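Notes follow once the structure below has been shown.
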Amino acid sequence: MSRAYSSVPTPDRRPRPARLALTATCLAACVALLAGCGDDGGDGEGGDQASPTASATKASKAPSSPSQPGDSPSASGRLTDDQAERKALLPLARVDHAKAASTAVAKVPGGRLVDLELKGTGGDRDDKGSDDAPGDAGAADARAAGPSGTASPSGTASPSGTASPRARRAEWIAKVATKDGTAHRVRVDAGSGKVLDTTAEADQDGDDKRELAAQLSKARRTPEQAAKAATDAKPGTVTSVELGDDDAGALVWSVDVVTPRDWNKTTFAVDAVTGKVVGEHVDRD
């Protein structure tokens with residue numbers, strides 16, 4: 001007798017898509033977890049990425065870049081007030097000391113040069129004279145400087161933090177004396193070479209004239225020869241020549257020479273008889 005059996009479904013042992021997806025998700029989560037644990041090590045455990053705190057610490061310990069030449073005040077070429085004044089004044093003098101001297105002497109018949117100095121003045125004026133009274137060269141310089149100093153030649157503040165002095169014009173102030181010692185003051189425009197005015201010195205007495213006449217008769221060297229001796233010793237621009245006695249009583253020409261590389265002024269004492277340089281002083285202010 002045959003038996004009838006009811007069919008029992010056989011379990012399907014093929015993996016289903018849902019199970020595969022769940023397994024893949026779990027594996028991905030494990031990989032991510034392991035990777036995160038490795039990163040948490042930071043610099044102390046050999047991690048590849050430093051924390052913000054560690055980065056800041058490194059930055060604070062990093063050496064600063066070396067300063068470039070010229071960054072420090074000493075390397076920036078700071079000028080003193082006097083040096084800045086010389087730097088502003090010299091370009092205004094298109095007429096040199098030799099030309100100014102010959103022009104001044106020509107205005108006084110029989111005269112000889114005793115003193116010559118380059119000065120800066122402020123304000124516009126015509127060739128008939130300055131806005132300043134004779135002998136007020138210092139007042140002209142004060143007005144040129146203004147109440148709190150003037151702008152530098154470029155119109156900006158000087159490196160020292162104060163405005164650089166700047167003259168609008170330059171002139172040569174000459175003292176020319178005749179054989180009897182009578183002195184005359186002659187002003188020559190340093191830009192054009194024209195004579196601005198000539199006046200006799202009113203404050204001279206008899207003793208002053210005799211002393212000046214004696215100095216002129218004793219001086220064997222001219223101011224031009226003295227200036228050459230000074231510039232041979234140190235090349236530069238002559239801004240002053242003056243005849244007088246030194247501390248030892250010797251008759252000398254005092255010659256000021258400005259060197260454009262540093263704008264210092266060197267004063268040379270040149271023996272008025274022998275023409276030799278007997279003294280030298282450098283003004284670095």
Side-chain angles (χ1 to χ4, degrees), residues 86 89-90 92-119 134 137 170-201 204 207-260 264-283:
R86 296 173 198 134
L89 179 61
L90 259 60
L92 301 177
R94 294 190 291 272
V95 176
D96 66 8
H97 73 283
K99 177 63 176 176
S102 62
T103 300
V105 169
K107 293 297 294 184
V108 181
R112 292 178 61 183
L113 186 71
V114 179
D115 188 359
L116 180 69
E117 184 176 7
L118 182 64
K119 289 280 190 177
E171 62 183 42
W172 290 98
I173 310 297
K175 181 178 180 179
V176 181
T178 56
K179 188 175 182 179
D180 65 353
T182 300
H184 299 261
R185 181 174 181 268
V186 183
R187 297 168 58 236
V188 179
D189 190 298
S192 65
K194 295 181 179 180
V195 175
L196 302 175
D197 62 46
T198 304
T199 56
E201 290 192 357
Q204 272 189 308
D207 291 339
D208 293 333
K209 292 181 180 181
R210 284 188 291 271
E211 181 182 359
L212 187 54
Q215 288 180 332
L216 288 173
S217 64
K218 184 180 178 181
R220 302 299 182 192
R221 301 297 176 180
T222 66
E224 291 78 12
Q225 290 173 325
K228 185 177 186 305
T231 53
D232 284 347
K234 178 175 289 187
T237 301
V238 174
T239 59
S240 176
V241 182
E242 180 181 6
L243 181 65
D245 295 332
D246 64 9
D247 294 338
L251 186 64
V252 297
W253 287 103
S254 295
V255 184
D256 289 346
V257 178
V258 174
T259 46
N264 289 335
K265 179 181 72 176
T266 303
T267 301
F268 292 93
V270 181
D271 192 296
V273 178
T274 65
K276 295 181 179 180
V277 175
V278 295
E280 176 180 351
H281 171 73
V282 180
D283 181 2

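Everything numeric in this text was worked out from a predicted model, so none of it was measured. In what follows, residues are counted from 1 in the order of the sequence shown.
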For the side chain to side chain contact (heavy atoms under 4.5 Å, CB included) test, which of K209, R210, E211 pairs with D207?
R210
R112 (side chain) donor-acceptor with L216 (main chain) under 3.5 angstrom
yes
Is there a side-chain contact (heavy atoms from CB on, under 4.5 Å) between T231 and V238 once you walk through the steps?
CA-CA 8 Å; T231 53; V238 174; 3.6 Å; yes
Min side-chain heavy-atom separation E224-V241 under 4.5 Å
no
Checking salt bridge (Lys or Arg N to Asp or Glu O under 4.0 Å) for the pair R187/D197: CA distance, chi angles, key distance, verdict?
CA-CA 6 Å; R187 297 168 58 236; D197 62 46; 2.3 Å; yes
Sidechain-backbone polar pair: T182 side chain, T178 backbone, donor-acceptor under 3.5 Å
no
Applying salt bridge (charged side-chain N to carboxylate O under 4.0 Å, His left out), can you list everything that pairs with K234, at least two apart in sequence or on another chain?
E280
State the CG-OG1 distance between L243 and T222, to the nearest 0.5 angstrom.
11.0 Å
Are the side chain of W253 and the backbone N or O of R221 linked by a donor-acceptor pair below 3.5 Å?
yes
Sidechain-backbone polar pair: Q204 side chain, A183 backbone, donor-acceptor under 3.5 Å
yes
Quick check for you: to the nearest 0.5 Å, what is the distance between L251 atom CG and D246 atom CG?
8.5 Å
With rounding to the nearest 0.5 angstrom, report the NZ to OG1 distance, K265 to T259.
11.5 Å
Taking only residues two or more places apart in sequence, or in another chain, which ones meet E117 in a side-chain contact (heavy atoms from CB on, under 4.5 Å)?
K119, S240
Please determine if R86 and D256 form a salt bridge, counting it only when a charged side-chain N lies under 4.0 Å from a carboxylate O.
no
Check whether more than 12 heavy atoms from other residues, nucleotides or ligands sit under 6.0 Å from atom CG of D247, and answer yes or no.
no
